[in-house]
Number of protein chains: 2
Amino acid sequence: MSGISRFTPEQIATAKRHAKATPPDDLDPRIEALVNDLIGRVADKWTMLILEVLGEKGTLRFTRLGELVEGISQKMLTQTLRQMERDGLVARTVYPVVPPKVEYQLTPLGASLGAAFCGVWIWAAENLKQVERARVQFDEKAKTV
Amino acid sequence: MSGISRFTPEQIATAKRHAKATPPDDLDPRIEALVNDLIGRVADKWTMLILEVLGEKGTLRFTRLGELVEGISQKMLTQTLRQMERDGLVARTVYPVVPPKVEYQLTPLGASLGAAFCGVWIWAAENLKQVERARVQFDEKAKTV
DNA sequence: GCCGTTACTCTCTTTTTGGTGCGTATAACA
DNA sequence: TGTTATACGCACCAAAAAGAGAGTAACGGC
């Protein structure tokens, strides 16, 4: 949550402009498949969470990052970071020292994705209570029936 | 993809306003945990895809929905729809006829989430090529090393 | 010469996820 | 009388994801 404000107004503005410019319907089903695929990768819990803390803190070392991403295991941290690096979302800088030192930070591409996710975080924060209420209601209904 | 334009300008505008109004940092760690949790639920592949087609088509019956959500199995469709219903994202209307007829549509809450995800879809469509390029580059580098 | 530090990797086990196929109710229809 | 249509629930199995824990390299400090 706290990372939201880190995304520049320009980035958000860009998103808005694009939202306006998007044509009524999308064309190529091939592309749609690819986009869905990409969405599947990127809309991953850990990816989103890492994106958030890196967006907020700027540059972090491996261990610190692991501490800040609540509940992530070392394995998942490494794995997700590799994936993100491959996709061009984070930059990994290795300092050849002992003990090892590796720094991670968002690339511009990663930052832009962070900005895009901005709205989802806001939504989650805003509608948390409503979702909770809906759940309670649903569960009660299920009981009586 | 194609559902983007279905979200009203007002919904998008609301998201913008909130983006602006959000305080620099978020407060309660308890709430942050809940938000992260909610993100985990909502940032699910099938949820997003269902959200998209329902956002685009409005109201759909079970079977038709299954056809439109590329690649989903019956089981996952039922499961995801139940989850979304519980969270108050979709409304389920049962017509007591034979053969059975059940309609699904987004609630206002679901529609607002769709609007929030809008930016992510746009991002994916826009940056698809860049991600692909990054991957090729990464894989080549890995080979030579 | 042993310890500590850091960023991992590797292996093993457990958990979760997802697919498949079968069953069911009921009325209209042929 | 038998078939079809619809929206599932259920049981079983395979595959994938994730967690736990041990191991490693390499050097500086004690």
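Numbers restart at 1 for each chain; the letters A, B, ... are given by sequence-line order, proteins then strands. Side chains included, hydrogens not; waters and symmetry mates left out as well; all remaining heavy atoms used.
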Can you tell me if [X] touches the phosphate of [N], counting only side-chain N or O atoms and a distance under 4.0 Å to OP1 or OP2?
X       : N      : result
B/Arg82 : D/dG9  : yes
A/Thr78 : C/dC8  : no
A/Ser73 : D/dA18 : no
A/Arg92 : C/dC8  : yes
A/Tyr95 : D/dA26 : no
A/Arg61 : C/dA7  : yes

| remark: OG1 of A/Thr80 to CG of A/Leu51, rounded to nearest 0.5 Å, is 11.5 Å
| task | For residues B/Leu65 and B/Lys57, determine if any side-chain heavy atom of one lies less than 4.5 Å from a side-chain heavy atom of the other. | result |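 The answer is no; the side chains never approach within 4.5 Å.
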| Would a 4.5 Å heavy-atom cut-off, applied to side chains only, mark A/Ile50 and A/Ile72 as touching? |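 They are in side-chain contact.
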What is the distance, to the nearest angstrom, from the [atom1] atom on [X] to the [atom2] atom on [N]?
X       : N      : atom1 : atom2 : value
B/Gln83 : C/dT17 : CD    : P     : 9 Å
A/Lys75 : D/dA22 : NZ    : P     : 16 Å
A/Met76 : C/dT15 : CE    : C1'   : 13 Å
B/Leu60 : D/dT6  : CG    : C1'   : 15 Å
A/Arg64 : C/dT5  : CZ    : P     : 17 Å
B/Leu77 : D/dC8  : CG    : C1'   : 10 Å
B/Ile72 : D/dA7  : CD1   : P     : 15 Å
A/Trp46 : C/dT16 : CH2   : C1'   : 14 Å

| query | Would A/Arg135 and A/Glu132 satisfy salt bridge (charged side-chain N to carboxylate O under 4.0 Å, His left out), going step by step from the backbone distance to the final call? | reply | CA-CA 5 Å; A/Arg135 282 184 194 168; A/Glu132 269 176 11; over 6 Å; no
| field | 5'-most by nearest nucleotide on DNA chain D - A/Asp44 or B/Gln74 | value |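 The residue mapped nearer the 5' terminus is B/Gln74.
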| said: Need to verify one output field. Residue with the more 5' nearest nucleotide on DNA chain D, A/Gln79 or B/Tyr104? | reply: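 So the residue in question is B/Tyr104.
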| query | When the ring planes of A/Phe117 and B/Phe117 are compared, do they come out parallel, tilted or perpendicular, using 30° and 60° as the limits? | reply |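 It falls in the perpendicular class, over 60°.
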| field | First encountered from the 5' end of DNA chain C, between A/Phe62 and A/Val98 | value | A/Val98
